[in-house]
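Each ligand, and each atom within it, is numbered from 1 in the order the structure gives.
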Amino acid sequence: MYCYIKDILEKEILTKSDIIKLLRCEGKEKEELFAKSAEIKEKYIGSKVWLRGLIEFSNICGKDCLYCGIRKGNRNIQRYNLSDEEIINVAMFAYKNNYGSIALQSGELEGNNVAVRVEKLIRNIKELSEGKLGITLSVGEQKPGVYKRWFEAGAHRYLLRIETTNESLYAKIHPNDEMHSFGKRLDCLKSLQDIGYQTGTGVMIGLPFQTIDNLADDLLFMKNFDIDMCGMGPYIEHADTPLIHASGSLLPLNQRFDLTLKMIAIIRIMMKDINIVASTALQTIDPTGREKAIKTGANIIMPNITPAKYQSSYKLYDNKPCTEEFAEDCQNDFETKISIANTKVVYGEWGDSSHYDKRVEKT
Ligand code: SF4
């Protein structure tokens, strides 16, 4: 059996049944899997870890995803919306501290006001940083014309997590209406890729009703879609969400954590040169979770630089870490930990996915 996993790890292309075996492996086999993904990361990415200073600029959302703590229907949180000046100030903090890139993230709102505002913010940040600060957006589903405007304004990466690629599971964790359509999510991802963004997606791991088979399909979807960036994390329940009622069927947190590390390892093996985020949700379960993800195959860290007074109101799930600290404290914290993981945090570089360049060359 031990040799069998080794054989799978030597294959050029993994089948669904290979992936399922890897997701189920334990003990020495799991060590083999992690050693292989670490070897591939070292070969194709090296020891570098790039930064995206995360600015969660608003927790106001027009949608009602059943798992999310900032869903529209949750009346138990304080809503906030940073002023343009506050956002620019935080972006300049990132620029002056040589982060290389920021990620602008918010709840999902559509409409002309949002389109105009975000475009203006992108242009201002680009101008004030003399074009040097890379901008990733994560502001949900929008019309193709809006994505295009933002791309032309200077944003060049977009993260839109699909959360699960199984349509019937998607329907179980979202309201069943036009606003929460699986098809629309797929169309948006395609638009982003067509417009020219470095396109990222990802899934939650350990959702209620989710099977190992579903997770294998998620990995195959990402490979077939030819994504440039991947952001995956364990599902962590939030008390003020409808999905809390399905908590009885969940895997223990340590198993969701373990499964997430395996997903990261397998996607690194399948897509050797993409960018993979070490998610904050991993750190919620294990204080050294992000570092373990980096050792396993991730190469992107997103330190939260949102002003501290707002951070506790942006909880997609319970017990999110780093919500009481100032950005500078978090910075010291991750630098120390990343040095323990024996990798190099790179400052002043965008840290783009080399997969993207190759993908664009092919088309
Ligand atoms: S997951 Fe995103 S779109 Fe859904 S409710 Fe939360 S913030 Fe809004």
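- Here 1 is the count of protein N, O or S atoms positioned under 2.8 Å from atom 6 (Fe) of ligand 1, waters not counted.
- Ion pairing of Glu108 with Arg71 is absent here, as no side-chain N (NZ or NE/NH1/NH2) approaches a carboxylate O to less than 4.0 Å.
- For atom 1 (S) of ligand 1, a protein non-hydrogen atom is found at a distance below 4.0 Å.
- Residues satisfying the salt bridge (Lys or Arg N to Asp or Glu O under 4.0 Å) criterion with Lys48, sequence neighbours excluded, are Glu349.
- At least one donor-acceptor pair under 3.5 Å links the side chain of Ser353 to the backbone N or O of Asp228.
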Can you give the donor-acceptor pairs under 3.5 Å from side chains of residues 248-255 to other protein atoms, not counting sequence neighbours?
from   : atom 1 : to     : atom 2 : distance (Å)
Ser249 : OG     : Ala246 : O      : 2.9

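- By the side chain to side chain donor-acceptor pair (under 3.5 Å) test, Arg268 pairs with Asn299, sequence neighbours left out.
- Within a 6.0 Å sphere centred on NZ of Lys126, heavy atoms belonging to other residues, nucleotides or ligands number more than 12.
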